[in-house]
Amino acid sequence: MNKYVILANPGHNRIYFDSALKIAVSEIKAIAGAYDMKINNIEEADLGLPASISFATDRELTEEDFRVLGFSSIYYALFEQVDGGLLRPINVPDFHTFPESMVQILKYNGKTNEQFTRLMVNLAISSCNTNSKRITLFDPMCGKGTTLYEGLIRGYDVKGIEINGQWTKEIETYLVRFLKEGRYKHKVIKSKQSHSKGKKIADVFTLTSAANKADYTDGNTQMLQLFNSDTTLANLLIKKKSCDIIVSDLPYGVQHGSKNNKGSNMSRSPLELIKTAIPAWNNVLKTKGSMVLSYNEFTMKYRDILEVLKENGFKVLDESPYDDYLHRVNQSINRNLIVAVKV
């Protein structure tokens with residue numbers, strides 16, 4: 001029996017409060033299951049350390065296993081527990097293409113925490129079975145881009161839709177500046193997209209880049225596509241069955257809004273928005289692709305979202321390790337998430 005300990009990121013408790021380690025255990029179980037890493041006896045460690053998770057395996061883990069464990073949102077350091085209860089530090093290979101600072105630099109009111117974003121991406125990847133050579137991540141309400149940046153640093157292609165034109169401009173400005181300052185080769189194309197009747201439905205920002213010059217020269221690039229448009233038009237903006245995972249932090253009715261179909265007024269009903277948008281999101285997702293949505297339980301209930309997803313061709317994963325992620329963010333937000341797969 002081989003024993004290991006993951007030391008938790010110091011910021012983890014700040015996000016989840018009393019739920020931190022329970023959420024971490026579920027996330028690690030999901031990651032391990034997806035990568036055929038059989039773990040057992042996973043629990044909160046009692047080793048005189050700060051917050052940490054211990055677990056055991058029937059076999060000695062490999063360097064690839066260590067890299068996968070490094071995906072975890074709780075990960076800060078990994079140790080092997082050896083004879084006498086001593087801890088041997090393990091060198092975990094870096095899984096990033098672009099530096100992690102891309103997702104960490106920006107700080108603003110209402111930002112989805114990057115660790116929670118990583119958790120959602122991990123659950124999406126763990127439940128996705130498209131077998132694509134490269135993952136395409138789609139955030140249908142991408143805000144100021146946290147999920148898109150997380151996708152880019154992991155080597156994915158990313159697509160995002162955001163109705164707030166000021167926010168899309170901020171994403172464009174930040175990304176170009178980040179790439180220029182880091183001396184990453186890149187190309188930007190700005191265009192407009194129209195529907196069949198010729199009316200403009202989106203301003204489009206397309207960026208191609210690579211984390212090193214050789215890959216860029218060889219055409220081994222990553223792509224970001226950003227649409228300043230209404231998320232309910234996703235099926236008109238993005239090719240059918242072209243995305244592997246959908247990850248989004250849904251409107252809380254606190255910081256967010258959405259245009260309804262009756263005009264330009266902003267609607268604060270997240271459930272009505274989901275009912276309208278889900279068919280379009282389903283259209284762009286590949287069969288066996290996955291979707292992870294976070295939302296505020298004070299404004300929308302798990303059962304309501306589950307019914308909408310089931311009615312639109314999704315199977316909700318409502319058992320461990322894909323359930324029981326409810327946690328308090330502040331007095332107005334009691335955050336939960338739901339994981340589903342397109343059947």
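The figures here come from the full heavy-atom set of this structure, side chains too, leaving out hydrogens, waters and symmetry mates.
- V103 and M223 fall into different hydrophobic clusters, where Ile, Leu, Val, Met, Phe, Trp and Tyr residues are linked whenever their side-chain heavy atoms come under 4.5 Å apart, directly or through other members.
- Judged purely by distance below 3.5 Å, without hydrogens or angles, the side chains of K29 and S320 never pair a donor atom with an acceptor atom.
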Taking it one step at a time, do Q81 and S54 satisfy side chain to side chain donor-acceptor pair (under 3.5 Å)? CA-CA 9 Å; Q81 193 170 0; S54 64; 6.0 Å; no
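- Hydrophobic clustering places I23 together with V247 (ILVMFWY residues linked when any side-chain heavy atoms are closer than 4.5 Å, directly or through intermediates).
- In terms of hydrophobic clustering, with Ile, Leu, Val, Met, Phe, Trp and Tyr side chains grouped at heavy-atom distances under 4.5 Å, L87 and I28 are assigned to different clusters.
- Although no hydrogens or angles enter the test, the distance criterion places no donor-acceptor pair under 3.5 Å between the side chain of S52 and the main chain of L49.
- Applying the 6.0 Å contact sphere to CG of N40 captures more than 12 heavy atoms from other residues, nucleotides or ligands.
- In this structure, N2 and R59 approach most closely via the heavy-atom pair ND2-C, 3.1 Å.
- Note: Y156 OH to L224 CG = 15.5 Å, rounded to the nearest 0.5 Å.
- Within the structure, the side chain to side chain donor-acceptor pair (under 3.5 Å) test picks out no pair touching residues 301-315 (sequence neighbours left out).
- When atom types are taken as modelled, the side chain of D244 and the backbone of T136 share a donor-acceptor pair closer than 3.5 angstrom.
- Between atom CD of residue E27 and atom OG of residue S73 there is a gap of 3.5 Å, rounded to the nearest 0.5 Å.
- To the nearest 0.5 Å, atom CD1 of residue I161 and atom OG of residue S229 are 6.0 Å apart.
- Residues I201 and L237 are in side-chain contact: their nearest non-hydrogen atoms beyond the backbone lie under 4.5 Å apart.
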Determine, step by step, whether W281 and L293 satisfy the side chain to side chain contact (heavy atoms under 4.5 Å, CB included) criterion, reporting the C-alpha distance in whole Å, the side-chain angles of both residues, the deciding distance to 0.1 Å, and the verdict. CA-CA 12 Å; W281 300 354; L293 306 175; 4.2 Å; yes
Please test L175 against S209 for side chain to side chain contact (heavy atoms under 4.5 Å, CB included), starting from the C-alpha separation and ending with a verdict. CA-CA 11 Å; L175 265 179; S209 185; over 6 Å; no
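- Nearest heavy atoms, I74 versus A24: CD1-CB, 3.1 Å.
- For the atom pair E63 CD and I90 CD1, the distance stands at 11.0 Å (nearest 0.5 Å).
- Proximity of L317 to S127: side-chain heavy atoms (C-beta onward) are separated by under 4.5 Å at one or more points.
- Annotation for S290 and L285: closest pair O-CD1, 3.9 Å, computed over non-hydrogen atoms.
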Evaluate the criterion side chain to side chain contact (heavy atoms under 4.5 Å, CB included) for residue pair L226 and C142; output intermediate values, then yes/no. CA-CA 9 Å; L226 179 63; C142 66; 3.7 Å; yes
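- Using a 4.5 Å cut-off on side-chain heavy atoms (C-beta onward), L119 and L337 make contact.
- Using a 4.5 Å heavy-atom cutoff, the side chains of D139 and V158 are not in contact.
- The ring of F178 has its center no closer than 6.0 angstrom to the ring center of F98.
- Side-chain contact check for Y295 and E297: at least one donor-acceptor pair (N or O, by modelled atom type) lies under 3.5 Å.
- Judged by distance alone, with hydrogens and angles left aside, the side-chain atoms of N283 form no donor-acceptor pair with the main-chain N or O of A280 at under 3.5 Å.
- Judged purely by atom type and a 3.5 angstrom limit, T57 has no side-chain atom pairing as donor or acceptor with the backbone of E60.
- For the pair E272 and K275, the salt-bridge criterion is met [side-chain N within less than 4.0 Å of a carboxylate O].
- With hydrophobic clusters built from ILVMFWY side chains whose heavy atoms lie under 4.5 angstrom apart, F79 does not share a cluster with L61.
- Side-chain contact check for C243 versus I238: some heavy-atom pair is nearer than 4.5 Å.
- Sorted by first and then second residue, the pairs that involve residues 86-106 and meet side chain to side chain donor-acceptor pair (under 3.5 Å), not counting sequence neighbours, are E80-R88, D94-H96, T97-Q222, E100-R118.
- Partners of F55 by ring pair (Phe, Tyr, Trp, His ring centres under 6.0 Å), not counting sequence neighbours, listed by chain and number: Y4.
- Checking side-chain atoms of E162 against main-chain N and O of G143 turns up a donor-acceptor pair under 3.5 Å.
- Residues V308 and M300 are not in side-chain contact: their nearest non-hydrogen atoms beyond the backbone lie 4.5 Å or more apart.
- Across all non-hydrogen atoms, the minimal contact from T117 to E150 is CG2-CB, 4.1 Å.
- Under the side chain to side chain contact (heavy atoms under 4.5 Å, CB included) criterion, K180 pairs with V176, H186, not counting sequence neighbours.
- Sorted by first and then second residue, the salt bridge (Lys or Arg N to Asp or Glu O under 4.0 Å) pairs with a member in residues 208-228 form an empty list; sequence neighbours excluded.
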Side chain to side chain contact (heavy atoms under 4.5 Å, CB included) between L273 and T232: does it pass, once the steps are laid out? CA-CA 8 Å; L273 172 61; T232 61; 4.3 Å; yes
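- With contacts defined as side-chain heavy-atom distances shorter than 4.5 Å, the pair K241/T130 does not qualify.
- The shortest heavy-atom contact between K22 and L326 is NZ-O, 4.5 Å.
- N122 places a side-chain N or O within 3.5 Å of a backbone atom of F71 that can act as its donor or acceptor partner.
- Remark: T168 OG1 to D203 CG distance equals 7.5 Å, nearest 0.5 Å.
- Clustering ILVMFWY residues whenever any of their side-chain heavy atoms sit less than 4.5 angstrom apart, transitively, puts V82 in a cluster other than the one holding V92.
- With a 6.0 Å radius and a threshold of 12 heavy atoms from other residues, nucleotides or ligands, K133 has its NZ atom at or below the threshold.
- Between the OG1 atom of T206 and the NZ atom of K190 there is a distance of 11.0 Å, given to the nearest 0.5 Å.
- Closest approach of L21 and A51 over heavy atoms only: CD2-CB, 4.2 Å.
- For residues 194-227, no residue pair satisfies the ring-ring contact (aromatic ring centres under 6.0 Å, His included) rule, not counting sequence neighbours.
- No side-chain heavy atom of I245 sits under 4.5 Å from any side-chain heavy atom of V292.
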